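One structure below.
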Amino acid sequence: MAHTHDSGYKLLFSNPAFIRDLLLGFVPHEWVRQLDFATLEPLNGHYVSEDMRQRHEDMVWRVRLRGDWLHIYLLLEFQSTPDRFMVLRLLSYIGLFWQQLEKQGQLTDDKRLPPVLPLVLYNGEQEWPYPTELAALCHPPPKDLRSFQPQDYLLIDESRYEEEQLAGQRNLVATLMRLEHARDVQSLQAIIEELLTWLRLDDQTALRRNLAQWIVRLIRRRVPRGEVPELTDLLEVNTMLARRDIDWGAKWKQQGREEGQAALLLRQLSKRFGPLPEWAVQRVARAGGQRIGQWAEAIFDAQDLEELLGTADDGA
């Protein structure tokens, strides 16, 4: 339930095919069509400072745009609660990144800093409630000062995409979102079968393996522990889900029902009390269906989150 950093996501987005599909499918600008995706490459550790290398959820790629390098600063954000000051964090990271490029002489041919696309891929339960512009965080400046203010970043919030928007796209990132949102085992199998028809080439072996490992982790979040073996092949995952001696549907349905109850309660809490602190989200994530039902009944009588969630005695 809780979307903390997922190393499986990091592994998938270490593949240039995912970066390509992320840009083509979710960055709605014409210049994306002019990128030379054959030149996509991740930047090694020596391009960034030690502090940035320790930020394991950050990824930096570069790609040629009309002969020049465009750098993509991709922040994979899996925290449960949105960060109001995300734009401030990104400005700090990009400033450090540019400093490092300048020190190492990694400038454009005309000795300028290369352009950077700051992009946040958010995978939390709540819809991102904050604006992406730095100006929204700052006290309004005088009119003549506005043009000197730093700008914003591009947010891709997975919770805002419906199945109808994503289905039918031959896009790995759209398919990843569909897998996350799959409501039952049959839907999951159908998506895996689509992937099997796309990813048949020998040079896609590593990508198939990474996807299979990530889907296994997804299934383990949906069914009781200990029942899903380690698999590294998409066909093996699909075959496992098709086994008739295991009622995957019932297991998935029970877990999905509890997750749905928790997600609904989180939305109700957000409307009642505003953006939720991390402790509240984690408390709901660890609670069982009975406790969630009790909280849902008491939500409108409680004066604050501490009164509603802070008196639970079940260790949730």
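Note that the coordinates shown come from a computational prediction; the quantities given were computed from them, not determined experimentally.
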Problem set entry | Worked verdict on Tyr9 versus Leu121 for side-chain contact (heavy atoms from CB on, under 4.5 Å) | CA-CA 11 Å; Tyr9 247 82; Leu121 179 61; 4.1 Å; yes
For this session: Take Leu113 and Leu107 through the side-chain contact (heavy atoms from CB on, under 4.5 Å) test and state the conclusion after the steps.
Result: CA-CA 5 Å; Leu113 294 169; Leu107 303 176; 3.9 Å; yes
For this session: Assess whether side-chain contact (heavy atoms from CB on, under 4.5 Å) is satisfied between Gln268 and Phe300, documenting all intermediate values.
Result: CA-CA 10 Å; Gln268 292 173 332; Phe300 294 108; 5.9 Å; no
For this session: Output, in order, the C-alpha distance, side-chain angles, deciding distance and verdict of side-chain contact (heavy atoms from CB on, under 4.5 Å) for Leu234 and Ile215.
Result: CA-CA 9 Å; Leu234 279 176; Ile215 293 171; 3.7 Å; yes
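To the nearest 0.5 Å, atoms CD (Gln204) and CH2 (Trp198) are separated by 11.0 Å. Note that the CZ atom of Phe18 and the CG atom of Asn171 stand 9.0 Å from one another [nearest 0.5 Å]. Atom CD1 of Ile299 sits about 4.0 Å away from atom CG of Leu269, to the nearest 0.5 Å. Here OG1 of Thr205 is found 14.0 Å from CZ of Arg200. Values are rounded to the nearest 0.5 Å. Here CZ of Arg283 is found 13.5 Å from CG of Leu266. Values are rounded to the nearest 0.5 Å. The distance from the NE2 atom of His181 to the CD1 atom of Ile191 is 10.0 Å, given to the nearest 0.5 Å.
Phe37 is linked by a ring-ring contact (aromatic ring centres under 6.0 Å, His included) to nothing, counting only residues two or more places apart in sequence or in another chain. By the salt bridge (Lys or Arg N to Asp or Glu O under 4.0 Å) test, Glu127 pairs with Arg160, sequence neighbours left out. Among residues two or more places apart in sequence or in another chain, the salt bridge (Lys or Arg N to Asp or Glu O under 4.0 Å) test is passed with Glu163 by Arg178. In terms of the ring-ring contact (aromatic ring centres under 6.0 Å, His included) criterion, residue partners of Phe26 (sequence neighbours excluded) are, by chain and number, Tyr161. By the salt bridge (Lys or Arg N to Asp or Glu O under 4.0 Å) test, Glu102 pairs with no residue at all, sequence neighbours left out. Not a single salt bridge (Lys or Arg N to Asp or Glu O under 4.0 Å) links Asp203 to another residue, sequence neighbours left out.
Using a 4.5 Å cut-off on side-chain heavy atoms (C-beta onward), Val284 and Leu276 make no contact. Counting only heavy atoms from C-beta outward, the side chains of Arg64 and Trp69 approach each other to under 4.5 Å. Annotation: side chain of Val87 is not in contact with side chain of Glu133 (no heavy-atom distance under 4.5 Å). In this structure, the side chains of Leu241 and Ile219 come closer than 4.5 Å at one or more pairs of heavy atoms. Put simply, the side chain of Leu308 does not reach to within 4.5 Å of the side chain of Arg272, judged on heavy atoms. The side-chain heavy atoms of Pro118 and Val120, taken from C-beta on, include no pair separated by under 4.5 Å. Taking the side chain as every heavy atom from C-beta outward, Tyr153 and Ile94 never approach each other to under 4.5 Å. Side chains of Leu172 and Leu12 form no contact here, defined as non-hydrogen atoms less than 4.5 Å apart.
Aromatic rings of Phe97 and Tyr93 (six-membered ring for Trp) have centroids beyond the 6.0 Å cut-off, not under it.
Looking at Ser92 and Arg89, their side chains never bring a donor and an acceptor atom within 3.5 Å of each other.
Between the side chain of Gln165 and the main chain of Glu162, a donor-acceptor pair closer than 3.5 Å is present. Remark: side-chain polar atoms of Arg208 are not paired, donor with acceptor, to backbone N or O of Leu195 under 3.5 angstrom.
Between Leu119 and the options Leu90, Leu155, Ile19, Leu154, a side chain to side chain contact (heavy atoms under 4.5 Å, CB included) holds for only Leu154.
Salt-bridge check for Arg220 with Glu230: passed, with a basic side-chain N closer than 4.0 Å to an acidic carboxylate O.
Tyr130 and Trp128 have perpendicular rings, their planes meeting at more than 60° on a 0 to 90° scale where under 30° would count as parallel.
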